[in-house]
Each structure stands twice: as C-alpha cells, then as structure tokens.
Novice: 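Take this structure first; my questions come after.
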Amino acid sequence: MSETAVKTQHPKGLWVLFGTEMWERFNFYGMRALLTLFLVNSLMMKEEDSSIIYGGFLALCYLTPMLGGFISDRYLGNRNCILIGGSLMAIGQFLLFMSASTFDGNLASAKSLMWLALVVIIFGNGFFKPNISSMVGSLYPKQEKSKLDSAFTIFYMGINLGAFLGQLICPIVGDVKSADGIRDIHAFKWGFLAASTAMVIGTLVFLFLKNKYVRTPEGRPIGGLPKHNTADDFEEGEAQTAHFSSKAIGISTVIFVVLFFVFRYLFVGEFAVSNVEVGTLIKGIIYPIIYSIGIALASLIIMDSSITKIERDRILVIYIFSFFVIFFWAAFEQAGSSLTFIADNQTDRNFFGWNMPPSMVQIFNGLFVVALAVPFSMLWDKMRAAGKEPVSTFKQAMGLLLIALSYFIIANNVKDLGTSGMLAVKWLILLYLIQTCGELCLSPIGLSLVGKLSPKRFSSLLYGVFFIANAAGYALAGTLGSILPATGDKFKKASELGVDLQGVLDKKIVPTAEQLKALADNQISDHYPVFAGFEIHNLYQFFMVFVVLCGIAGVILALISPKLKKMMHGVH
C-alpha cells in the first residue's frame, strides 16, 4: 500500500471512501432538493412549517453522529457502523417513496410514513457520517499528516460530486412541471426512489471493497472492532481509553438539563409548549436538545481525567471554530428551504432557453465544488510549499466572509423587485459560486482540522461534536428560513382571492374572517415574520440578516486566529 501511495500521492482507500460518500451524498442531497417542495405541495404544509421541519431534520441528522461515534468508538467500529447507517438510509428513502405514493388517497398515512422515513434517515446518518470521515486520516502515515487538508478536499469533492448528481437526477424525475407551469405532485416519489437506489449502491461499494483497500499504510484494516485496536493506532504517549468520571457525567447531565429549559424558554417564550403545531414542537423540543447537548458533550470530553494540557488546548480550538461554523451553515443551508421557495416563486429560471426546475437551481453548488475542489487543494499545497499557507481557522473566517458577501450581492439585487418582479437566475448562480468558494475554505478544512487535533481515543466523538455544531447551524437555518417574507406568488394568489395582501401586512386593511380563512387555506401569512424583535418586510431585509450574522462571525474568527494557532501546539 505504501508504494501505491507514493505513486498516486493518495492511497486507494481514499477513493473507496470517496465513492461510498459520493453515493451517500447523492441519496441525501437528492432527497434534500425535493423535501420542502414535497411537504408544501403534496402534504399541504405551510412554507414556514416546512422550513422548521427541514431545519430540525438536518439538525438531527448531525446530532445523531454523536451517538454513532460513541457506539463506533466503544463497540462496533467504523466499518460496521457505516454498513448499518447506509442500510438505514436506503430504507428511509424507500419509506419516503411510499409516502409520496400514498398521499393522494390517504394524507394522514402519507404524513405518518414521512415522519417514520425522516426518523430512519436521521439514525442512519448518525451511524454513517462520523465514521467515514474519521477513517480518512487513518489512511496516512504519521509523517504525512500534512496531506490531510488536500485529502479532505478531495474527499469533499466526492461529497459534492454525489450532491451534484443527486440534485440533477432527483429533480429531473421528481420535480416535474407541465408546459403551463403546473407541478405534477405525484412525481416526487421517483426522486425519492432514485435516492434510495443510490444509497444501496454506496453501501455495496463499501461492503465489497473495504477489506482490500481501506487499510493503514502498514496494511492493517482500518475501522475494525475497537477491541482489536493496538498501540500502533495511537500517537506516541497518548492514552488509549477515555476516563469519564461519575462526577463529570453528573455535571454534564446537569448542564444539559439546565440549558434545555433555558433554550426552550428562549424559543417558545414559555417552559410548556402550549399547542401541538409542528413548528412549535420542533422549536420547543428538538432545537433546545440540539443546542444544549452540544455544550454538555463538549463539557464531558474536556473533563476527562486523561487529557493533557496540549490535548486540552487542541480540543478547545475544535470547540471554538465549531461555534463559528454554526453561522456559516445557518446561512448556507437556506438552499433547501428559503432559496428553493424563492427559486420557485419569484425567479426567472430560464437557463439558456431551458426553464429548469426550482429544486435543481441549488445544483450549482455541487457543480462548482466538483470544478473547484482540486484547484483549491492545489492552492493550499502551493501556499504550504511557499510557507504562506494561512492557518486553518483563518481559512474558515474567509469562508464566513465570502458567504456574507454572497448574501450582500443578492440582497441588493432583490431590493427593487417589489411583489411582481422576477429575480434573474444568474444571481442565484453567482450566489452559489461565491458560497462554494466559502464552503471550500471552511468545511473540508474543518473536517481536516478535527482529524489533526483530536486525540485518537476521542476521534469519532469529537467528529460528533463538530457535527453537532453543524446541527446547531441547521437548526438556526430552520429558524431563519421560517422568517422568509411573502414572495411574489403569494401576492398574486391573494389578489385572486380578492385580498389586498400588502394592505393586510401593513395593517392598513383589516381582513374579514372569510379572507383570513382563505389566506390560511392557501398557506399565506397575514403578518410579517419577526426575528430578534424586528419585522422582516421584504427579501432585502431577509438577506441582510445573513450578511450581518456571517460578517461579524468572520471578522471575530479572523482576529482570534493567531491565538488559536498557538493553542494548536504545532498543528497547522
């Protein structure tokens, strides 16, 4: 294997993991492209609720890796968890196929199948996600850890090649409109079936190739049962097992419980959820769990008695940059909710004479990553060779500032649209291009940095912490997506119903009870959304929320990067 690695620069095992992750991302992003449109158009949910569900679903997908990482580290190993996770996700996508096949005759059953499908996918992702990422670093000898940024960028290209294929094929077969713009609400099932098939392929790729190629440079299998680990799997002088005392576990539990009620109060304004609306339940239960459990788990790890001073500093760096990525993903993951609704309702999607499906507009992110991943990898390698490579946390700050820039540009292009103007699709394409550059500065670098800074005994668990930060970002994305103000189609539909929606929103007109019912039946809100005490009146204000959040986060992370570099103790 070592000779092959020298010839190809990267071991063949990287390409096995690349292929496995590619098909898994096809499955996940293909489904993601269709999910909110399916909820709104087939299961008759409000856009606001669908955004909350979308954010909660994605957040839980990145919360369960904590559980999957723990089970892997202690009991089953990376390989078995990947096979379990892949199988569960394939089953979950098939359940979505069944939901999309039955809603017309029995909406209640279709919704039940949808909820079951999302739960199965969430747990499948939890088993799969942290384990395949943590295996990448083990492919390389200790003296070649400097290649990890490059390796994770290539691995990340696999992620986005799969995302590109999923966002291409699933919308083509699942988001179908007639020549007069009428959506075929029965076609979603074929997109979900395509996603399920992709996950089956990815699981089989790993099953049949793992034993031959997924090995250490010395030829030992990677990701086997933890009881088979040897001293060679750990850094010199590193403890091989974690020591969580009863006191540490008790303190972490108290932290979780207290923070749960604090966050619950912040999200719903009271300690008891007063109604059973889906959005309120998710914001009042799931979101507080995600935010509080991340802090509690981070506290538990840092209290481990075996941690040295250097290990503690490095782990704190992981915690700090994980906090800042929350704001990146909160902005980035608007792709599957608010940006999809804008593409559907107020965008001219004519692309060189072809009116592309709204769910496919987000495909440009995956396409740009595939095109730019290798150039970015080469750029980091070239800057490293010249001694000019920026520290990893500064790269991530660049990612935050780039996503702020993308929203600043789009905000100024929607500023004068009004309720009837149409946004040219080229501006959404430019947004995805800039966001892709930001993503390549932040996400693969974060994956690599966790691998380089984590003590081996905490590897999968610290990847779980990193993914919890992603989960918190997705939860925040759901909250922010739900404050999307009414887009052009809502004003048009309200006018057809005989309601002056602008007058209602501005409180210049008091609607009748019949008009309010008509608006509710057509999923149109009669008031402006509110965020942090401010009403969001238009798309310009909506996008500027992301400019402010990501811009401030990026500047702060850039300023503290020199301090974080010292805390890495030689890891760059």
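Residues: numbered from 1 along the sequence shown.
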Novice: Just to verify, what does V254 make a side chain to side chain contact (heavy atoms under 4.5 Å, CB included) with, not counting sequence neighbours?
Specialist: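 V254 satisfies side chain to side chain contact (heavy atoms under 4.5 Å, CB included) with V258 once adjacent residues are dropped.
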Novice: Can you find a heavy atom in the side chain of I363 that is under 4.5 Å from one in the side chain of Y432?
Specialist: no
Novice: Could you tell me whether the side chain of E311 and the main chain of P455 form a donor-acceptor pair under 3.5 Å?
Specialist: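 Answer holds: no.
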Novice: Is there a side-chain contact between F394 and K565, using heavy atoms and a 4.5 Å cut-off?
Specialist: no
Novice: At what distance, to the nearest 0.5 angstrom, does OG of S337 lie from CD1 of I52?
Specialist: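 The OG atom of S337 sits 9.5 Å away from the CD1 atom of I52.
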Novice: Ignoring hydrogens, what is the shortest heavy-atom contact between I121 and M89? Give both atom names and the distance.
Specialist: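 So the minimum-distance heavy-atom pair works out to O-CG, 3.9 Å.
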Novice: Measure the acute angle between the ring planes of F26 and W23, then classify it against the limits of 30° and 60° as parallel, tilted or perpendicular.
Specialist: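 Tilted, since the angle between the ring planes falls between 30° and 60°.
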Novice: For L372 and C437, run side-chain contact (heavy atoms from CB on, under 4.5 Å): C-alpha distance rounded to whole Å, both residues' side-chain angles, the deciding distance at 0.1 Å, then the answer.
Specialist: CA-CA 8 Å; L372 296 175; C437 292; 4.0 Å; yes
Novice: Return the set of residues passing side chain to side chain contact (heavy atoms under 4.5 Å, CB included) with M383 (not counting sequence neighbours), or none when no residue passes.
Specialist: L379, W380, E389, P390
Novice: Identify each donor-acceptor pair in which a side-chain atom of residues 317-328 lies under 3.5 Å from a protein atom, sequence neighbours left out, and give them as a table.
Specialist:
from	atom 1	to	atom 2	distance (Å)
Y319	OH	A298	O	2.8
S322	OG	I318	O	2.6

Novice: Test L63 against every option in I122, N125, L58, I468 by the side-chain contact (heavy atoms from CB on, under 4.5 Å) rule and name the one that passes.
Specialist: I468
Novice: Evaluate the side-chain proximity of W329 to S443: yes if any heavy-atom separation is below 4.5 Å, no if none is.
Specialist: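 With C-beta onward as the side chain, the pair touches.
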Novice: Hey, are the side chains of L17 and F206 touching, using non-hydrogen atoms and a 4.5 Å cut-off?
Specialist: yes
Novice: I301 versus D304: any side-chain heavy-atom pair under 4.5 Å?
Specialist: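 Not in contact.
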Novice: Would you please name every residue forming a side-chain hydrogen bond (donor to acceptor under 3.5 Å, both in side chains) with S482, sequence neighbours left out?
Specialist: none
Novice: Nearest 0.5 Å, what's the OH-CD distance between Y29 and E24?
Specialist: 9.0 Å
Novice: Under 4.5 Å between any side-chain heavy atoms of L430 and I409, yes or no?
Specialist: yes
Novice: Looking at every non-hydrogen atom in both residues, tell me the closest pair between I290 and A59 and how far apart they are.
Specialist: CD1-CB, 3.1 Å
Novice: Check step by step if side-chain contact (heavy atoms from CB on, under 4.5 Å) holds for L462 and L453.
Specialist: CA-CA 10 Å; L462 281 169; L453 294 175; over 6 Å; no
Novice: Looking at residues at least two apart in the chain, or sitting in another chain, which of them share a ring pair (Phe, Tyr, Trp, His ring centres under 6.0 Å) with F364?
Specialist: F351
Novice: What pairs of residues pass the salt bridge (Lys or Arg N to Asp or Glu O under 4.0 Å) test when at least one of them lies in residues 430-443, not counting sequence neighbours?
Specialist: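 Residue pairs with at least one partner in residues 430-443: there are none.
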Novice: Does F368 CZ have over 12 foreign heavy atoms under 6.0 Å away?
Specialist: yes
Novice: If I take atom CZ from residue F467 and atom NZ from residue K129, how far apart are they, to the nearest 0.5 angstrom?
Specialist: 5.0 Å
Novice: Looking at G166 and P171, what are the two nearest heavy atoms and their distance?
Specialist: O-CD, 3.4 Å
Novice: Please confirm whether the backbone N or O of I222 pairs with a side-chain atom of R79, one donor and one acceptor, at under 3.5 Å?
Specialist: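 Judged by distance alone, yes, a pair lies under 3.5 Å.
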Novice: Sequence neighbours left out, cut at 3.5 Å: what donor-acceptor pairs do the side chains of residues 544-558 make with other protein atoms?
Specialist:
none

Novice: List for me each residue that meets side chain to side chain contact (heavy atoms under 4.5 Å, CB included) alongside S292, sequence neighbours excluded, and say none if there are none.
Specialist: F256, L259, F260, F263
Novice: Hey, is the main chain of M568 close enough, under 3.5 Å, to the side chain of R314 for a donor-acceptor pair?
Specialist: yes
Novice: Got a donor-acceptor contact below 3.5 angstrom from the E47 side chain to the V40 backbone?
Specialist: no
Novice: Step by step, would you call I342 with L539 a side-chain contact (heavy atoms from CB on, under 4.5 Å)?
Specialist: CA-CA 9 Å; I342 291 169; L539 289 179; 3.9 Å; yes
Novice: Apply ring pair (Phe, Tyr, Trp, His ring centres under 6.0 Å) to F164 and list each qualifying residue two or more places apart in sequence or on a separate chain.
Specialist: none
Novice: With no hydrogens and no angle check, is any side-chain donor or acceptor of T36 less than 3.5 Å from a backbone partner on G336?
Specialist: yes
Novice: Working to the nearest 0.5 angstrom, can you tell me the gap between I434 CD1 and L401 CG?
Specialist: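 So the gap between those two atoms works out to 12.5 Å.
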Novice: On a heavy-atom basis, which atom in T20 and which in G202 lie closest, and how many Å separate them?
Specialist: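 In this case the closest contact between T20 and G202 is CG2-O, 3.7 Å.
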Novice: Looking at V361 and A343, what are the two nearest heavy atoms and their distance?
Specialist: CG2-CB, 4.0 Å
Novice: Holding to side-chain hydrogen bond (donor to acceptor under 3.5 Å, both in side chains), I want the full list of residues that pass it with N413, two or more places apart in sequence or in another chain.
Specialist: W427
Novice: Any side-chain heavy atom of M135 sitting closer than 4.5 Å to one from I82?
Specialist: yes
Novice: Is a side-chain N or O of S252 found less than 3.5 angstrom from the main chain of L297, in a donor-acceptor match?
Specialist: no
Novice: Is the backbone of N78 close enough, under 3.5 Å, to the side chain of S72 for a donor and an acceptor to pair up by distance?
Specialist: yes
Novice: If I take atom CG from residue L449 and atom OG from residue S454, how far apart are they, to the nearest 0.5 angstrom?
Specialist: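 One finds 8.5 Å between CG of L449 and OG of S454.
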Novice: If we ignore hydrogens and angles and just use 3.5 Å, is the side chain of D344 paired with the main-chain N or O of F341 as donor and acceptor?
Specialist: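 No, because the side chain of D344 does not come within donor-acceptor range (under 3.5 Å) of the backbone of F341.
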Novice: Go through T64 and F127 one step at a time and tell me if the side-chain contact (heavy atoms from CB on, under 4.5 Å) criterion holds.
Specialist: CA-CA 7 Å; T64 49; F127 277 104; over 6 Å; no
Novice: Can you tell me how far the CG atom of L405 sits from the CD1 atom of I410, to the nearest 0.5 Å?
Specialist: 11.5 Å
Novice: Could I get the full list of ring pair (Phe, Tyr, Trp, His ring centres under 6.0 Å) partners for F543, not counting sequence neighbours?
Specialist: Y407
Novice: Looking at every heavy atom in both I445 and L440, which two are closest together, and how far apart are they?
Specialist: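 Looking at all heavy atoms of both residues, the shortest contact is CG1-O, 3.8 Å.
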Novice: Enumerate the salt bridge (Lys or Arg N to Asp or Glu O under 4.0 Å) contacts for residues 315-342, please, sequence neighbours excluded, ordered by first and then second residue.
Specialist: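 Qualifying pairs: R32-E333.
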Novice: Answer yes or no: is there a side-chain heavy-atom contact under 4.5 Å between I315 and V465?
Specialist: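 A side-chain contact is absent here, since even the closest heavy-atom pair is not under 4.5 Å.
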